[in-house]
Enquirer: 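Pasting a structure below so you can have a look.
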Amino acid sequence: MWNFVSPQIVFGEEALDFLDELKGQRALIVTDVTMVQLGLVDKVKVHLDNAGIEVHIFDEVEPDPSVQTVRRGAKIALDIAPDWIVGLGGGSPIDAAKAIWILYEHPDIEPAAINPMADLGLRQKARLITIPTTSGTGAEATWGIVLTDTEEQRKMGLGNRENVADIAIVDPAMASGMPRQLTADTGLDALTHAVEGYTCTWYTDLTDGLCLNAARLIFQYLPRAVKDGSDMEAREKMHNAATCAGLGFGNAMASMAHAMGHTLGAVFHVPHGRAVALFLPYTIEFAAGEEPERFAELADFIGCSNEGGEKAARSLATHIRALCQKVGNPTSIAEAGIEREAYEAQLDKLVDDAFNDTQIITAVRTPSYEELRQLFLYAYDGRPIDF
Ligand SMILES: NC(=O)c1ccc[n+]([C@@H]2O[C@H](COP(=O)([O-])OP(=O)(O)OC[C@H]3O[C@@H](n4cnc5c(N)ncnc54)[C@H](O)[C@@H]3O)[C@@H](O)[C@H]2O)c1
Ligand SMILES: [Zn+2]
């Protein structure tokens, strides 16, 4: 038995207008200070004002939100008793909003206990709206929540199908001001979702089309969005692609590149999308010899190779590296600016945490601990390693 969950998705130009008709009393916008400074919170507030909804703002979410931040936000929610929680921003505020919502409904729950088996009984106090301002994580459409344990420098993959948003507002105007580097990093995150959602072992007939279409859109439009941020066609296509990829991988799974990227991000603070996309081609090469079919199908669909089998899978890896380079992003750990000495000093932790990450269980070729270690070393500078 499989499940497919999705919010109601309002998308395209002027999607924010949907909020004018929202019914409710009080909203808590969960966001970060940059969103306030850029005027994006005001853009949303105008519509909630039109709907006669009282607006409160919690703007303290940091990139890669911590459990402590979520607890602070939940306390504010308990004080003001909103009937809407609005996650506004990139993946960080949206994930924080999901967790704040759960703690608001269940003040006694430990964030680490938010898992797919729990019976949360949400929507007794509030419902959730997500409004992405990056075109990347797909968090607006997924039920996954990534929180960081700052003491253990570890990212925790949490979430439960119940905590998928009720409404996602996917309006390209909210992401059109992203600077070049953020556009590249987050767009490559969406690509990694599309590729891993299609090629992990939990793919389904319902997620395949979403992942394929997202991958094709991203190869076509990401270079344009990075080159010229005012290209609104490219912005809109990327915003839609990120949500498609979110629905795709969110109802399937991500895979090894995410497991490896999470640990790199937690230890070396490499932005999420940059980290996962960097690892993606190495993980494809690791699988290519034994399980190339799904990679080959994807390669064929996006028009990078119709040779089938291992050759096509390897060609997909090359194609992804070329896209990373085209948008100015690193294709190895060395290029990401991490010193070999510092990297090797953390290698045991990186391998341990990736080996224990939930995303690794869906890898088409399951790595042994030693193979994973070799893969981390391979990704340092691309010096070939015999798997
Ligand atoms: N829940 C999921 O399904 C899921 C999937 C992938 C990643 N994630 C998580 O999402 C987080 C990363 O999210 P992200 O990559 O969207 O970045 P982010 O939310 O961490 O934001 C990064 C920076 O970009 C700024 N920013 C956001 N939108 C902007 C805009 N329009 N203009 C200018 N600046 C803007 C933010 O203020 C912040 O400083 C990580 O914690 C990652 O683990 C979650
Ligand atoms: Zn991701």
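Atoms within each ligand, like the ligands themselves, are counted from 1 in listed order. Side chains are part of it too, since the values below use all heavy atoms of this structure and drop only hydrogens, waters and symmetry mates.
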Enquirer: Which residue and atom name correspond to the protein heavy atom nearest atom 25 (C) of ligand 1, and how close is it?
Expert: L182 CD2, 3.9 Å

Enquirer: Heavy-atom contacts under 4.0 Å between M174 and ligand 1: side chain, backbone, both, or neither?
Expert: backbone

Enquirer: With ring centroids as reference points, do H258 and F279 lie under 6.0 angstrom apart?
Expert: no

Enquirer: Are P179 and ligand 1 in contact, using a heavy-atom cut-off of under 4.0 Å?
Expert: yes

Enquirer: Listed by chain and number, what are the side chain to side chain donor-acceptor pair (under 3.5 Å) partners of D348, not counting sequence neighbours?
Expert: R373

Enquirer: Number the atoms of ligand 1 from 1 as they appear, then name those within less than 4.0 Å of a heavy atom of G90, with their elements.
Expert: 16 (O), 19 (O)

Enquirer: What about D64: any of its N or O atoms under 3.5 Å from an N or O on ligand 1?
Expert: yes

Enquirer: Counting only heavy atoms, tell me which of T142, T137, T133, T134 gets closest to atom 12 (C) of ligand 1.
Expert: T137

Enquirer: For P93, state whether at least one heavy atom is located under 4.0 Å from any atom of ligand 1.
Expert: yes

Enquirer: With a heavy-atom distance limit of 4.0 Å, tell me whether D189 approaches ligand 1 through its side chain, its backbone, both, or neither.
Expert: side chain

Enquirer: So do C200 and F249 actually touch side chain to side chain, heavy atoms under 4.5 Å?
Expert: no

Enquirer: Evaluate whether atom CD of E344 has more than 12 neighbouring non-hydrogen atoms of other residues, nucleotides or ligands under 6.0 angstrom away.
Expert: yes

Enquirer: In terms of residue, atom name and distance, what is the protein heavy atom nearest to atom 44 (C) of ligand 1?
Expert: D95 OD2, 3.1 Å

Enquirer: Report yes if the side chains of L350 and F268 come closer than 4.5 Å at any heavy-atom pair, otherwise no.
Expert: yes

Enquirer: What donor-acceptor contacts under 3.5 angstrom involve side-chain atoms of residues 11-23, with partners at least two apart or in another chain?
Expert:
unit_1 : atom_1 : unit_2 : atom_2 : d
D20    : OD1    : H47    : ND1    : 2.7
D20    : OD1    : N50    : ND2    : 3.1
K23    : NZ     : E21    : O      : 3.4

Enquirer: Taking CZ in F376 as the centre, count heavy atoms belonging to other residues, nucleotides or ligands within less than 6.0 Å. Is the count above 12?
Expert: yes

Enquirer: Considering only NZ, NE, NH1 and NH2 on the basic side and carboxylate oxygens on the acidic side, decide whether E162 and R123 come within less than 4.0 Å.
Expert: no

Enquirer: Which option out of M178, H258, H193 puts a heavy atom nearest to atom 30 (C) of ligand 1?
Expert: M178

Enquirer: Using a strict 4.0 Å cut-off to heavy atoms of G144, name the atoms of ligand 1 that fall inside it.
Expert: 1 (N), 2 (C)

Enquirer: Got the closest protein heavy atom to atom 29 (C) of ligand 1, with its distance?
Expert: M35 CE, 3.5 Å

Enquirer: Quick check: does G91 get an N/O under 3.5 Å from an N/O on ligand 1?
Expert: yes

Enquirer: Check the pair Q325, I320 against side-chain contact (heavy atoms from CB on, under 4.5 Å), reporting the backbone distance first and the verdict last.
Expert: CA-CA 9 Å; Q325 281 163 345; I320 292 168; over 6 Å; no

Enquirer: So, regarding D32 and ligand 1 (criterion: nitrogen or oxygen to nitrogen or oxygen, under 3.5 Å), is there a contact or not?
Expert: yes

Enquirer: Any idea which atoms of ligand 1 are less than 4.0 Å away from a heavy-atom of P63?
Expert: 20 (O)

Enquirer: How would you list all residue pairs meeting salt bridge (Lys or Arg N to Asp or Glu O under 4.0 Å) that involve residues 58-84, not counting sequence neighbours?
Expert: E60-R72, D64-K155, R71-E110, K75-D79

Enquirer: Under a 3.5 Å cutoff, is there a donor and acceptor pairing between the side chains of S315 and T318?
Expert: no

Enquirer: Taking the six-membered ring of Y378 (Phe, Tyr or Trp), confirm whether the NZ or CZ of R383 is under 6.0 Å from its centre and within 45° of its axis.
Expert: no

Enquirer: Can you tell me which residue and heavy atom of the protein come closest to atom 19 (O) of ligand 1, and the distance to 0.1 Å?
Expert: S92 N, 3.0 Å

Enquirer: Listing residue and atom name, which protein N/O/S atoms are closer to the Zn ion (ligand 2) than 2.8 Å?
Expert: D189 OD1, H193 NE2, H258 NE2, H272 NE2

Enquirer: Checking a contact table here: which protein heavy atom is nearest atom 15 (O) of ligand 1, and how many Å away?
Expert: T186 CG2, 3.5 Å

Enquirer: Are L188 and L217 grouped together when hydrophobic residues (ILVMFWY) are joined by side-chain heavy atoms under 4.5 angstrom apart?
Expert: yes

Enquirer: Considering non-hydrogen atoms of the protein only, which is the closest contact for atom 43 (O) of ligand 1, and what is the distance?
Expert: K155 NZ, 3.0 Å

Enquirer: Is there a donor in the side chain of E370 and an acceptor in the side chain of S368, or the other way round, less than 3.5 Å apart?
Expert: no

Enquirer: Quick one: does ligand 1 sit under 4.0 Å from the side chain of L38, the backbone, both or neither, non-hydrogen atoms only?
Expert: side chain

Enquirer: I'd like to know if R26 pairs up with E54 as an ion pair, taking the criterion as any Lys NZ or Arg NE/NH1/NH2 lying under 4.0 Å from an Asp or Glu carboxylate oxygen.
Expert: yes

